[in-house]
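Position 1 is the first residue of the sequence, and the numbers go up from there.
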Amino acid sequence: MTTHTRFANARLADGSLVDLTVTDGRFSAITPAGKTAEDTAAIVDLVGQLVVPAFVEGHIHLDTSFYGDAWRPHIPCTNGFDVRERVAFQARNLAAAAPMAERARNQLELCVGNGSLAMRSHVMVDASVGLKHVETILAVREKYRDLIDIQLVAFPQGGILSSPGTAELLDEALKLGCELIGGLDPASFDRDVNGHLDVVFGLAQKRGAGVDIHLHDGGTLGLFQVEEIAARTKALGMQGNVAVSHAYGLGDIQADALEKAGDMLAAAGVAIMTNAPGNHAFPPVAALRRAGVTVFSGSDNIRDSWWPYGDGDMLNRANMIGYRSGFYEDHELEAAFDVVTHAGAKALRLDGYGIAAGARADFVVMPAEHVPEAVVAVPKGRTVYRAGGAVAKDGKMLR
């Protein structure tokens, strides 16, 4: 049966007041407020509140968060940031954690409650855990499919070449339902850039999967790996299907090298994910966007073995990105917002995204005059709509 709902007096990002008509889960009409012809649609008066597309959580780890579980005090590395040591801490903590499905559900509901209705989660695959994490998160994804769209990345947290059997497990994870293949610091972790990338891109080509590689290495070592990833992406015709997450090295190179890197990434169609972490250099958002690079964001870790922070709120993440980037003008604040909405949708290749006729009616309503105010104020009084139906209000799930 066809259903119609009219959301009256909605304020769009451009400041205009409109009536949004939703038919069978999609926007069917957008008209000036009060000008919609009378019909049988149910009416929800938004009284001038801001309406924006649902946020895109572009990088998260559903399998390793302790959100909603017992507090886990952070364990510092013994001699500066070290990926291998953090992985060891993570294994120790996970062994004593609540069931993974329970922790994943807690995190999902936190994100949906704050307005994210599309997500990319990296899920650990290696010789130590096999496919257990993937199988668990696939089952959780199925239970939440009506609330949120979730892409899964088969993530070799223990490396690929340094963890015998992992390449075969990654292939199995893609067959089970993961949409992307991940990677981890080809140079510093596996110490073989070509060998590592041969596996990642080989599996992507074999299974028609996307690629999203964790890259923590800084400086010229990090830049070199970004260049190698971009070259392979272009050579294989995978533009728009590859992302590099973190890419700290782009945040600590000279301006001329960054400019060349931006042009290279834009030409190769490689997206960059940053969560603007507090104790690392991170990719310069404005400079990369000027070059035409798709820059998107995610919470990354939420209260896990890597750090105790994270609130699952992508609007707050836009605030952090703006703050750390020195964004003050309205157009800069709007850019920070784009990173967690439209740019994220582009990186994840989402269809029918946005506030437009024909788009899926996944949106967030909040008390703000415009996007710059929303980024600065991070209002909590939000209502989240999935396919035109309310699913969360004031951070709490409604169904």
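Around the CG atom of Asp256, the shell of radius 6.0 Å holds more than 12 heavy atoms that belong to other residues, nucleotides or ligands. Under a cut-off of 6.0 angstrom, the local environment of OH in Tyr309 is sparse, with at most 12 non-hydrogen atoms contributed by other residues, nucleotides or ligands. Other residues, nucleotides and ligands place no more than 12 heavy atoms under 6.0 Å from the CD atom of Glu259. The number of heavy atoms from other shown groups lying within 6.0 Å of NZ (Lys132) does not exceed 12. Atom CG of Asp351 is surrounded by 12 or fewer heavy atoms from other residues, nucleotides or ligands within 6.0 Å.
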field: Pair Asp69-Arg72, salt bridge (charged side-chain N to carboxylate O under 4.0 Å, His left out): steps then yes or no
entry: CA-CA 9 Å; Asp69 193 8; Arg72 307 282 168 180; 3.4 Å; yes
task: Determine, step by step, whether Arg289 and Asp338 satisfy the salt bridge (charged side-chain N to carboxylate O under 4.0 Å, His left out) criterion, reporting the C-alpha distance in whole Å, the side-chain angles of both residues, the deciding distance to 0.1 Å, and the verdict.
output: CA-CA 11 Å; Arg289 284 172 58 90; Asp338 185 73; 2.8 Å; yes
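You'll find the ring centres of His214 and His61 inside the 6.0 Å limit.
The residues Lys396 and Asp394 are annotated as not salt-bridged, no charged nitrogen and carboxylate oxygen being separated by less than 4.0 angstrom.
By the ring pair (Phe, Tyr, Trp, His ring centres under 6.0 Å) test, Phe189 pairs with no residue at all, sequence neighbours left out.
For the pairing with His246, the ring pair (Phe, Tyr, Trp, His ring centres under 6.0 Å) check across His280, His59, His122 returns one residue only, His59.
For the pair Phe337 and Met314, the minimum side-chain heavy-atom distance is 4.5 Å or more.
Donor-acceptor pairing under 3.5 Å is lacking for the side chains of Thr233 and Gln239.
Looking at Arg103, its side chain never comes within 3.5 Å of a backbone N or O of Gly68 through a donor-acceptor pair.
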